[in-house]
Novice: 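Questions regarding the structure given below will be posed in turn.
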Amino acid sequence: MSDRYKTVLLFGAPGAGKGTQGKILGKIPGFFHLACGDVFRSLDMTSELGKQFLNFSSRGELVPDELTIQMWRENMHAQTVLSLFKPMQDLLILDGIPRNVRQAEALKASIDVLKVIHLRCNDEGAMMMRMRRRALKENRMDDADERVIRHRFDVYHAETHPVLSYYPESIVANIDAMGSPAQVFQRVLEVVVPVQESHFNRPTSGSV
Ligand code: AMP
């Protein structure tokens with residue numbers, strides 16, 4: 001179990017800002033950000049897996065667990081082989097996975113979850129607004145349709161939110177997701193920097 005990836009999970013409802021925070025963190029040496037949704041979106045949409053992704057995501061449904069976990073494993077392997085992710089140096093920031101308790105169970109042997117950053121926002125209206133803006137900017141069908149957005153929230157409450165109770169309460173950090181990306185990032189840093197310091201040799205400034 002000691003070769004499990006040291007991991008922080010970015011957790012929260014659709015539109016809470018996981019992707020925004022993950023992308024900023026991933027630019028800092030010593031952090032590697034992987035968003036499951038981004039990996040799905042980078043697939044060839046004419047491939048079998050790409051078609052499956054479109055089929056499920058366009059309805060706001062989760063892609064079946066087996067396909068998701070297999071794709072995640074293959075992607076992590078590729079990132080490691082290419083040295084884009086260096087498990088001995090980088091804290092893995094996972095975004096959008098695990099999305100249900102079965103996935104958390106399936107990933108148990110591969111990731112050592114040190115913290116769960118729960119980006120909390122009670123204002124669904126604000127999150128829906130973010131999603132509509134994202135739909136325009138990133139051309140995302142699943143965020144353009146009101147009914148699909150609603151369903152994504154329902155799936156989050158039914159399937160994803162219970163993942164929080166899968167992990168010990170002591171490692172869950174609740175962070176207010178309202179505010180500017182910089183304000184929220186400041187809160188995220190307060191949580192992740194101590195995790196990085198206690199598990200890795202501190203990267204020196206300028207290191208890559
Ligand atoms: P996201 O970008 O995280 O909002 O994900 C967009 C869509 O990709 C989701 O609505 C799902 O259809 C699919 N997806 C992303 N991550 C997962 C996952 N861990 N399990 C199943 N489906 C996922």
Side-chain angles (χ1 to χ4, degrees), residues 5 7-26 32-45 47-79 92-111 113 116-121 124 126-164 166-167 177 181 188:
Y5 305 134
T7 304
V8 167
L9 302 182
L10 274 178
F11 196 87
K18 303 184 294 294
T20 302
Q21 295 301 319
K23 280 191 189 98
I24 309 173
L25 255 187
F32 181 80
H33 170 236
L34 188 114
C36 195
D38 287 347
V39 178
F40 274 129
R41 279 183 289 277
S42 71
L43 292 171
D44 171 0
M45 292 305 157
S47 69
E48 201 38 52
L49 188 54
K51 283 185 204 158
Q52 294 266 22
F53 165 66
L54 276 184
N55 173 25
F56 289 99
S57 66
S58 61
R59 291 182 283 122
E61 294 282 351
L62 296 181
V63 178
D65 296 332
E66 210 173 304
L67 289 179
T68 302
I69 297 294
Q70 187 191 341
M71 186 207 60
W72 179 83
R73 283 195 205 292
E74 286 170 8
N75 195 275
M76 287 306 302
H77 177 70
Q79 305 278 5
L92 177 62
I93 308 292
L94 275 189
D95 157 0
I97 188 167
R99 209 69 160 228
N100 58 34
V101 171
R102 289 179 305 278
Q103 292 184 9
E105 196 52 49
L107 292 181
K108 201 166 81 175
S110 309
I111 59 175
V113 179
V116 180
I117 295 185
H118 178 202
L119 292 172
R120 236 180 20 189
C121 174
E124 283 202 356
M127 288 190 280
M128 288 177 88
M129 188 115 78
R130 279 183 186 172
M131 291 167 83
R132 282 197 213 95
R133 237 182 290 138
R134 180 166 76 182
L136 290 174
K137 231 171 92 186
E138 299 175 14
N139 203 15
R140 281 186 58 167
M141 303 195 301
D142 58 338
D143 285 349
D145 184 308
E146 187 85 19
R147 272 176 318 164
V148 177
I149 294 182
R150 279 257 146 253
H151 189 58
R152 269 159 63 73
F153 278 111
D154 292 343
V155 170
Y156 173 76
H157 291 302
E159 295 252 338
T160 308
H161 193 265
V163 172
L164 272 183
Y166 176 85
Y167 296 104
V188 169

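Note that ligands are numbered from 1 as they come in the structure, with each ligand's atoms numbered from 1 the same way. Along the sequence shown, residues carry numbers from 1.
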Novice: Relative to the heavy atoms of Cys36, which atoms of ligand 1 are at a distance of less than 4.0 Å?
Specialist: 16 (N), 17 (C), 19 (N)

Novice: Do Leu107 and Val113 have side-chain heavy atoms sitting under 4.5 Å apart?
Specialist: no

Novice: So His157 and His161, would you call those rings parallel, tilted or perpendicular, with 30° and 60° as cut-offs?
Specialist: tilted

Novice: Can you report which non-hydrogen protein atom sits closest to atom 11 (C) of ligand 1, along with the distance?
Specialist: Glu61 O, 3.5 Å

Novice: With a 6.0 Å cut-off (strictly less than), is the heavy-atom count around CE of Met45, excluding the residue itself, greater than 12?
Specialist: yes

Novice: Below 3.5 Å, N or O to N or O, backbone or side chain included: is there any such pair between Arg99 and ligand 1?
Specialist: yes

Novice: For ligand 1, is Phe53 a contact, meaning one of its heavy atoms is under 4.0 Å away?
Specialist: yes

Novice: When you compare the side chain of His151 with that of Glu61, does any pair of heavy atoms fall below 4.5 Å?
Specialist: yes

Novice: Would Arg134 count as a polar contact of ligand 1, with the cut-off being nitrogen or oxygen pairs under 3.5 Å?
Specialist: no

Novice: Which bit of Leu62 is near ligand 1, meaning a heavy atom under 4.0 Å away: side chain, backbone, both or neither?
Specialist: both

Novice: Closest by any non-hydrogen atom to atom 4 (O) of ligand 1: pick that one out of Arg152, Met131, Arg102, Met71.
Specialist: Arg152

Novice: Would you check whether Val63 has a nitrogen or oxygen atom less than 3.5 angstrom from a nitrogen or oxygen atom of ligand 1?
Specialist: yes

Novice: What is the nearest protein non-hydrogen atom to atom 23 (C) of ligand 1, stated with its residue, atom name and distance?
Specialist: Phe40 CE1, 3.6 Å

Novice: Yes or no: does Lys18 have any heavy atom under 4.0 Å from an atom of ligand 1?
Specialist: no

Novice: What atoms in ligand 1 come closer than 4.0 Å to a heavy atom of Arg41?
Specialist: 2 (O), 6 (C)

Novice: Quick one: which residue pairs count as a side chain to side chain donor-acceptor pair (under 3.5 Å) with a foot in residues 9-26, not counting sequence neighbours?
Specialist: none

Novice: What are the atoms of ligand 1, with element, lying closer than 4.0 Å to any heavy atom of Thr68?
Specialist: 18 (C), 19 (N), 20 (N), 21 (C)

Novice: Taking 4.0 angstrom as the limit, do Arg102 and Glu105 come out as a salt bridge?
Specialist: no

Novice: Answer with yes or no whether the side chains of Ser110 and Arg73 bring together a donor and an acceptor at under 3.5 Å.
Specialist: yes

Novice: Just say parallel, tilted or perpendicular for the rings of Phe53 and Phe40, cut-offs at 30° and 60°.
Specialist: parallel

Novice: Is a donor from one side chain sitting under 3.5 angstrom from an acceptor on the other, for Glu66 and Gln70?
Specialist: no

Novice: With Arg134, which residues qualify under side-chain hydrogen bond (donor to acceptor under 3.5 Å, both in side chains), at least two apart?
Specialist: Asp143

Novice: Could you find the nearest protein heavy atom to atom 20 (N) of ligand 1 and give me its residue, atom name and distance?
Specialist: Gln103 NE2, 2.9 Å

Novice: What are the atoms of ligand 1, with element, lying closer than 4.0 Å to any heavy atom of Gly37?
Specialist: 2 (O), 5 (O), 15 (C)

Novice: Is Gly60 in polar range of ligand 1, meaning some N or O pair under 3.5 Å apart?
Specialist: no

Novice: Could you list the atoms of ligand 1 found under 4.0 angstrom from a heavy atom of Ile97?
Specialist: 19 (N)

